[in-house]
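A single structure is presented below for examination.
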Amino acid sequence: MLTAIVTGATGITGSAIVRHLLEDPSITKIYTLSRSQPGEKDARVQHVHLDLQDSAEEMAKSLSGISAEYVYFCAYLAKPDEGEAARVNGALLSNFIRGIELTGAVKQLKRFILTCGFKHYGVHQGLPKQPLLETDPRLEGDMGNGAKWPPNFYYTQQDILKEAAVRGNWEWVCTLPNDVIGYAKQNFMNEATAIGLYCAVSKVLPGSQLIYPGNRLNYFIFNCWTSADLHARFCLWAATAPGAGNNIFNVINGDTQSFQTLWPRMAQRFGCKIPENMFDPATTKAYTAESTDTEMKTKNPISVHAKKLGIVNGLEVSRTPALHLPIDPQKWAQRADVKEAWGKLKTKYGLDQAAWDKATWDFLTFVLGREWGCVGTMDKARKLGWTGYEETWESFERTFEALEREGILPPVEQLKRDF
Ligand SMILES: NC(=O)c1ccc[n+]([C@@H]2O[C@H](COP(=O)([O-])OP(=O)(O)OC[C@H]3O[C@@H](n4cnc5c(N)ncnc54)[C@H](OP(=O)(O)O)[C@@H]3O)[C@@H](O)[C@H]2O)c1
């Protein structure tokens, strides 16, 4: 008998874990937790509506009679302020753990899998040393200039988890995915939705040109993505793999990709043309008002390795991290011609207005505007027997198809015929 609890079960990473657990006939019961939506409909699934911001005592009441051998913790509340993110997401985790300690459910627990991410390495702050390794030091304390590294909610959560594991004599695993490609119902906050909408609207605009909104460096840097499905498979593997307990793991598709390869494929898929000189100011002159140049207030994470790498006065350390975009998707989405093109798509194919209103344009601004890549390795998990792999383009393709079925993106073959 194998049982599981999945928190954040209706989100991108959590819903993929529930789907993959359901594919395993040895799983007899899955408790899915979230505040609003109902979970997957299946005889083995019991959904519990609860707010993990409630006190541990309230949590214990909601969790009464619920226990499992494996917990997959994917609940997450985005907060723009790093300190607030650490406080809120730390509380979600500690309230839940205290809740299962109070009910006694913790006695049955074997492994607790916590989903974190590459922000663990400060990829949102500036250039990190690459490839990113699980043994890299945390970015904590003095940055070297008198100021402190900003709080990181993953560190807060990992500390809470490790302490509780010692208290309860169970094991923990922490996963670090990067830029997750996937989709969950009523959850429009993901990279694939925003890119798909940008491509579909570009198809409708005069000339059907697919201009890369990000900067030139960004187009050529290398990156790693994580399919929500692959991440789910990894979490199921990590729950029982011998030797995986009490470890932190990068979880990425296994290929190294770059927009220089992905963007022309996006253009082909959505029936768009790539401009001959994409980064020539003449190509983007109609969008001058939509460009962005923002210096960030952070320090490049590579600076903690500066001495060892022999780059103490190096550009990699001293250059202020910045976001540069010839076309900032957040501003682009506000243009009258863009909104009109979206309106045409929405009316013609009956698309969901919420997809447009809630699309994470700010996430695209960051992912396409940064001038550094985020490449990690899967060496640590592979040494323990992990063999999972997914090609990043296939992850995008499969997610676009799901978004078409959900009425978020237009059916692409029809789009190509109609515009
Ligand atoms: N998505 C990405 O691209 C990405 C990339 C790297 C790392 N990550 C990390 O992966 C983790 C999971 O993120 P995700 O993208 O899967 O999140 P998500 O899609 O936004 O889902 C969040 C889940 O948490 C639930 N939730 C939020 N607040 C809650 C509360 N107070 N009580 C109970 N449930 C609550 C939500 O359901 P309700 O709102 O209905 O409660 C939802 O099921 C996070 O640590 C995130 O930083 C994500």
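Ligands are counted one by one from 1 in listed order, and the atoms in each one are counted from 1 as well. Counting begins at 1 with the first residue of the sequence. Keep in mind that this is a model prediction, so the values were computed, not measured.
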TODO: May I ask you to decide if the ring planes of Tyr121 and Phe118 are parallel, tilted or perpendicular, using 30° and 60° as cut-offs?
DONE: perpendicular
Task: atom 33 (C) of ligand 1: nearest protein contact (heavy atom, Å) - done: Leu50 O, 3.4 Å
Open item on the list: If you take the nearest heavy atom of each of Cys116, Ser34, Ala75, which one is closest to atom 8 (N) of ligand 1?
Closed with: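 Result: the heavy atom closest to atom 8 (N) of ligand 1 is in Cys116.
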TODO: Determine, using heavy atoms of Tyr154 and all atoms of ligand 1, whether some pair is separated by less than 4.0 Å.
DONE: yes
Task: Heavy-atom gap Asn190 to ligand 1 smaller than 4.0 Å - done: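 Outside the 4.0 Å threshold, so no.
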TODO: Return the residue, atom name and 0.1 Å-rounded distance of the protein heavy atom closest to atom 25 (C) of ligand 1.
DONE: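 Going by distance alone, atom 25 (C) of ligand 1 is nearest to Gly8 CA, 3.7 Å.
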- [ ] Quick one: look up the protein heavy atom nearest atom 45 (O) of ligand 1 and list residue, atom name and how far away it is.
- [x] Thr115 O, 3.4 Å
Task: Closest protein heavy atom to atom 17 (O) of ligand 1, given as residue, atom name and distance to 0.1 Å - done: Tyr76 CD2, 3.7 Å
- [ ] Kindly say whether the aromatic ring centers of Phe366 and Phe363 come within a distance under 6.0 Å.
- [x] no
Open item on the list: Using ring centroids (six-membered ring only for Trp), state whether Tyr212 and Trp263 fall under 6.0 Å.
Closed with: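 Between Tyr212 and Trp263, which both carry aromatic rings, the centre distance is below 6.0 Å.
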- [ ] Answer side chain, backbone, both or neither: which part of Ala78 comes under 4.0 Å from ligand 1, heavy atoms only.
- [x] neither
Open item on the list: Heavy-atom pairs closer than 4.0 Å: do any link ligand 1 to the side chain of Leu52, the backbone, both, or neither?
Closed with: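 The answer is both.
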Open item on the list: Using 30° and 60° as the class boundaries, would you call the ring planes of Trp332 and Trp356 parallel, tilted or perpendicular?
Closed with: tilted
Task: Shortest heavy-atom approach to atom 38 (P) of ligand 1 - which of Arg35, Gln53, Glu191 - done: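 Considering heavy atoms of Arg35, Gln53, Glu191, the nearest to atom 38 (P) of ligand 1 sits in Arg35.
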Task: Per atom 48 (C) of ligand 1, closest listed option by heavy atom (Asn187, Val180, Leu77, Thr10) - done: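 Considering heavy atoms of Asn187, Val180, Leu77, Thr10, the nearest to atom 48 (C) of ligand 1 sits in Val180.
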TODO: Measure the acute angle between the ring planes of Trp237 and Phe234, then classify it against the limits of 30° and 60° as parallel, tilted or perpendicular.
DONE: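 Ring orientation of Trp237 relative to Phe234: tilted.
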TODO: For Asp51, counting its heavy atoms only, list the atoms of ligand 1 lying under 4.0 Å from any of them.
DONE: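 Under 4.0 Å from Asp51, ligand 1 has these atoms: 30 (C), 31 (N), 32 (N).
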Open item on the list: Yes or no: does Thr226 have any heavy atom under 4.0 Å from an atom of ligand 1?
Closed with: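 Checking ligand 1 against Thr226, which is what was asked, there is no heavy-atom contact under 4.0 Å.
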Task: Sub-4.0 Å heavy-atom contact, Ala184 with ligand 1 - done: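 No, that is not the case, since the closest heavy atom of the residue is not under 4.0 Å from the ligand.
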Open item on the list: Checking contacts here: is it the side chain or the backbone of Leu92 that comes within 4.0 Å of ligand 1, counting heavy atoms only? Could be both or neither.
Closed with: side chain
TODO: Report the member of Thr32, Thr13, Leu93 with the shortest heavy-atom distance to atom 16 (O) of ligand 1.
DONE: Thr13
Task: Phe419 six-ring centre to Lys203 NZ/CZ under 6.0 Å and within 45° of normal - done: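 Here Lys203 fails the 6.0 Å and 45° test against Phe419.
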- [ ] Tell me which protein heavy atom sits closest to atom 15 (O) of ligand 1, plus the residue, atom name and distance to 0.1 Å.
- [x] Ile12 CB, 4.2 Å
